[in-house]
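Lettering follows sequence order; numbering is per chain, from 1.
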Amino acid sequence: MTPEELSLAISACLKDAVAAGEIALSASAVPDEVRVERPKNREHGDWATNIALQLSKQAGTNPREFATILSARLKSIDGVSAVDIAGPGFLNITVDAAAAGALAKAIVEAGRDYGTTTTLAGHVVNMEFVSANPTGPLHIGHTRWAALGDAIARVLRASGAEVTAEYYINDAGSQMNVFANSVYSRLHGLPVPEGGYPGQYIADLGHDVLSAHPDIRELTEVAALPVIRAAAYKAQLKDIKDTLADFGVAFDVYFSEQELHDAGAIESAVARLREQGHVFDDGGAVWLRTTDFGDDKDRVMIRANGEPTYFAADAAYYLSKKDRGFTEKIYLLGADHHGYINRLKAIAACAGDDPDVNIEVLIGQLVSVNGAKLSKRAGNIIELKDLIDWLGKDAVRYSLARFPADSPLTLDPDLLKKHSNENPVFYVQYAHARTRGAARNAVAAGVDRSAFEASLLDHATENELLSYLGSYPSIVAKAAELREPHRVARHLEVIAGAYHRWYDACRIAPMGDEPVTDVNRTRLWLNDATSQVLANGLDLLGVSAPERM
RNA sequence: GCGCCCAUAGCUCAGCUGGAUAGAGCGUCUGUCUACGGAACAGAAGGCCGGGGGUUCGAAUCCCUCUGGGCGCACCA
């Protein structure tokens with residue numbers, strides 16, 4: 001019995017009670033699924049619901065009376081062994097061991113599919129994240145979104161959504177010229193130009209350019225700059241892609257801003273938005289009236305000098321996503337871009353979309369290290385590449401994925417540097433390795449899965465572990481719905497803890513010369529079910545599930 | 001000045017969108033091993049959930065208001 005099954009059964013009982021006239025509610029007031037929670041206190045049963053507290057007012061009765069009527073029907077649910085009414089009207093439900101234990105076998109049989117649902121089926125999602133300028137290496141600021149964005153994409157897919165992960169390359173702006181100038185200066189041993197990019201990587205890019213174009217130093221500045229710009233851009237973008245691959249982050253599409261310009265998409269975007277009636281001319285510039293849709297000021301699309309703005313490219317890019325058939329466009333942006341929310345939503349509205357449905361802008365607080373703010377331009381960056389080499393992909397990805405995006409996060413490098421159980425990733429990975437080790441030992445001792453007797457999983461720690469395994473799918477679905485993959489990570493930590501407690505209390509393999517019994521065999525199913533859930537969950541976070549550590 | 005985010009144990013942070021005695025890891029202290037992997041488990045100490053009002057059966061959670069942090073307000077990209 002999973003919490004979902006219980007939830008549906010409770011809802012059915014409610015509907016029956018309404019139909020029988022025992023509760024004065026309209027049928028539409030009964031929710032299809034009743035939320036059941038795992039009570040903190042074990043004396044409160046296996047599962048609890050506060051549905052009586054929520055609906056009694058509408059039903060014109062008091063919560064305890066409501067609960068009494070409902071509990072009589074809940075007792076007849078197959079697998080429910082007891083129903084108690086507590087406090088102001090909580091319903092505490094106890095499930096018998098056989099009904100709870102059956103889950104272990106179901107999980108093993110579902111395998112990698114356990115935890116996938118269809119709650120977001122039909123959603124065609126474009127998820128844009130990272131999108132770092134191709135003028136420098138990825139640093140820790142991008143790291144958070146790389147880890148989180150990839151995990152969100154995976155969680156969405158697990159919930160049935162069709163997701164395209166997309167990286168927008170800002171390769172068209174004036175920063176590309178600054179970038180080329182910076183490399184040019186390095187090649188000629190000149191100081192970093194005003195506002196240019198410092199940092200060793202500029203010199204490294206110079207070497208890349210030099211090996212591709214050995215005569216680059218002989219060219220005049222005017223002739224050299226376009227060559228440098230193209231070659232350094234190519235090398236830097238490759239570096240970014242390689243780093244993301246090392247981080248286990250896969251993008252389906254790398255979208256070039258320059259190609260938008262080359263294809264005339266800016267002009268056609270202005271024309272299309274003008275048709276929608278939201279474009280106006282003022283002071284020689286072309287504007288989009290974003291204030292019609294909640295922005296605090298209108299935005300220039302084409303400057304008085306005829307040059308398009310970055311904002312115009314944003315609008316063209318949005319239209320591209322719309323044209324490509326995405327019903328939901330999700331943007332993951334850093335907190336320093338939160339001012340973009342309104343204008344991006346206004347673009348969607350101007351394009352005729354519903355800004356509450358078709359576009360979603362997620363804002364993440366920036367990660368800091370040792371209190372120092374990181375700046376690409378200042379050159380004191382911590383590169384993603386170095387972080388991976390330093391701490392390992394798994395530790396970095398897990399550390400970033402286990403916190404929600406909207407709270408400030410301070411990473412202590414000295415703490416993260418330690419490969420010890422101070423880092424929660426090891427707690428979860430170790431639990432998985434332990435399940436594998438326990439299975440190897442059990443098999444060596446002659447235990448197999450030839451028998452499964454669910455009612456034998458009756459220890460308190462088994463009840464606890466089963467309930468957490470059972471709520472895993474709804475946690476994944478919730479994480480997808482709210483775009484909060486940290487919920488998965490936290491739940492894995494809960495499962496790992498429950499597993500360790502079970503492992504301490506209940507042996508899988510027989511002790512010494514004792515014979516193998518169905519208790520051992522059945523426990524092996526539960527062990528393997530735990531293994532499967534931990535592996536599935538870690539995979540959603542892009543973290544490996546090691547066989548041994 | 002206007003706007004967004006944040007404030008919970010000594011530290012880093014959860015808290016399932018309003019529920020029962022507010023949790024985890026680390027740190028501190030005390031226990032459990034002739035060990036299916038001790039990278040574990042059990043227990044203790046540690047909280048005015050930033051302050052003050054309000055909403056209701058019930059608030060860390062929702063509303064208002066202070067305080068204190070982070071960030072943003074371009075015909076830059």
Atom pair distance, as rounded to whole Å: CG in A/Asp504 and C1' in B/rG43 = 14 Å
Separation of B/rC76 P from A/Glu257 CD (nearest whole Å) | 14 Å
Side-chain contact check for A/Val300: nearest option of B/rC4, B/rC75, B/rA77 is B/rC75
Look at the side chain of A/Asn50 and decide which nucleotide, out of B/rG3, B/rG19, B/rC36, has an atom nearest to it.
-> B/rG19
Would you check if there is a donor-acceptor pair between the side chains of A/Thr291 and A/Asp298 at a distance under 3.5 Å?
-> yes
Quote, to the nearest angstrom, the P distance that separates B/rG50 from B/rC11.
-> 14 Å
Hey, are A/Asp262 and A/Gln258 close enough side-chain-wise for a donor-acceptor pair under 3.5 Å?
-> yes
Pair A/His500 and A/Tyr427, ring centroids less than 6.0 Å apart | yes
Closest to the side chain of A/Trp287, out of B/rA39, B/rC75, B/rC36, is B/rC75
Under 5.5 Å between ring centres and under 30° between planes: true for A/Tyr503 and the base of B/rC36?
-> yes
Donor-acceptor pair under 3.5 Å, A/Asn92 side chain vs B/rA20 base | yes
Do A/Asp46 and A/Asn463 meet the criterion of a side-chain donor-acceptor pair at a distance under 3.5 Å?
-> yes
Spacing between A/Met301 atom CE and B/rA74 atom C1', to the nearest angstrom | 16 Å
Contact under 4.0 Å: A/Arg38 side-chain N or O vs B/rG19 OP1/OP2 | no
Does B/rU32 have a Watson-Crick or wobble partner in any strand here, with both distances under 3.5 angstrom, and which is it?
-> B/rA40
Nearest-angstrom distance from the residue atom CZ of A/Arg229 to P of B/rA77 = 12 Å
Less than 3.5 Å between a donor and an acceptor, one on the side chain of A/His337 and one on the base of B/rG72, is that the case here?
-> no
Kindly assign one of parallel, tilted or perpendicular to the pair A/Tyr318 and A/Tyr331, based on the angle between their ring planes and the thresholds 30° and 60°.
-> parallel
Is the aromatic ring centre of A/Phe426 closer than 5.5 Å to the centre of the six-membered base ring of B/rA39, with the two planes inclined by less than 30°?
-> no
What's the closest nucleotide to the A/Gln365 side chain, out of B/rC5, B/rA74, B/rA77?
-> B/rC5
Give a yes/no on whether any side-chain N or O of A/Tyr427 is located under 4.0 angstrom from OP1 or OP2 of B/rC41.
-> yes
Considering only the P atoms, how many Å lie between B/rG15 and B/rC6, rounded to the nearest integer?
-> 11 Å
Of B/rA77, B/rC13, B/rU17, the nucleotide closest to the side chain of A/Lys478 is B/rU17
Taking the same atom, C1', in B/rA7 and in B/rA20, what whole-Å distance lies between them?
-> 26 Å
With P as the reference atom in both, quote the distance from B/rA40 to B/rC49 in angstrom, rounded to an integer.
-> 32 Å
Got more than 12 heavy atoms from elsewhere within 6.0 Å of CD, A/Glu547?
-> yes
Interatomic distance at C1', B/rC16 relative to B/rC29, whole Å | 33 Å
For B/rC36, does either OP1 or OP2 sit under 4.0 Å from a side-chain N or O belonging to A/Arg440?
-> no
Look at the side-chain N and O atoms of A/His486 and state whether any lies under 4.0 Å from the OP1 or OP2 oxygen of B/rG15.
-> yes
Nearest nucleotide by nearest heavy atom, which residue falls closer to the 5' end of RNA chain B, A/Asp282 or A/Arg436?
-> A/Arg436
Which value, in whole Å, describes the distance between the P atoms of nucleotides B/rA39 and B/rA44?
-> 24 Å
Chi-angle category of B/rU30 [syn within 90° of 0, anti beyond] = anti
Now, which nucleotide makes the Watson-Crick or G-U wobble pair with B/rG27, with each of the two distances under 3.5 Å?
-> none
Contacts of A/Asn305 and A/Leu53 projected onto RNA chain B by closest heavy atom; the upstream (5') one is A/Leu53
Taking only the side-chain nitrogens and oxygens of A/Arg487, find out if one of them lies under 4.0 Å from OP1 or OP2 of B/rC16.
-> no
Regarding the side chain of A/His338, the nearest nucleotide among B/rC76, B/rC5, B/rC4 is B/rC4
Of all the nucleotides listed (B/rC73, B/rA14, B/rA40), which has the minimum atom distance to the side chain of A/Phe403?
-> B/rA14
Look at the side-chain N and O atoms of A/Arg343 and state whether any lies under 4.0 Å from the OP1 or OP2 oxygen of B/rC73.
-> no
For atom P, what is the distance between B/rG25 and B/rU21, given to the nearest Å?
-> 22 Å
Closest to the side chain of A/Arg35, out of B/rC36, B/rA14, B/rU17, is B/rU17
Ignoring hydrogens and angles, are the base of B/rG72 and the side chain of A/Asp336 linked by a donor-acceptor pair under 3.5 Å?
-> no
Pair assignment for B/rG1, Watson-Crick or G-U wobble, requiring both distances under 3.5 Å | B/rC73
Indicate whether A/His44 forms a stack on B/rA20; treat it as stacked only if centroid distance is below 5.5 angstrom and interplanar angle below 30 degrees.
-> yes
What is the distance from CG of A/Asn170 to P of B/rA77, rounded to the nearest Å?
-> 11 Å
Side-chain donor-acceptor pair present, A/Asp171, A/Ser256, cut-off under 3.5 Å = yes
To the side chain of A/Tyr310, which of B/rC36, B/rC71, B/rA77 is closest?
-> B/rA77
If pairing requires Watson-Crick or G-U wobble contacts with both distances under 3.5 Å, which nucleotide is the partner of B/rA7?
-> B/rU67
Rounded to whole angstrom units, what separation is found between the CH2 atom of A/Trp502 and the P atom of B/rC36?
-> 13 Å
Could you please name the option among B/rC36, B/rA77, B/rA14 that lies closest to any side-chain atom of A/Arg490?
-> B/rA14
Non-hydrogen side-chain atoms of A/Ile347 and A/Tyr340 separated by less than 4.5 Å = no
Under 3.5 Å on both distances, the Watson-Crick or G-U partner of B/rU21 = none
Rounded to whole angstroms, how far apart are NE2 on A/His491 and C1' on B/rG25?
-> 17 Å
May I ask you to check whether A/Tyr317 and A/Phe255 place their ring centers less than 6.0 Å from one another?
-> yes
Determine the interatomic distance between P on B/rC4 and the same-named atom on B/rU65; round to the nearest Å.
-> 11 Å
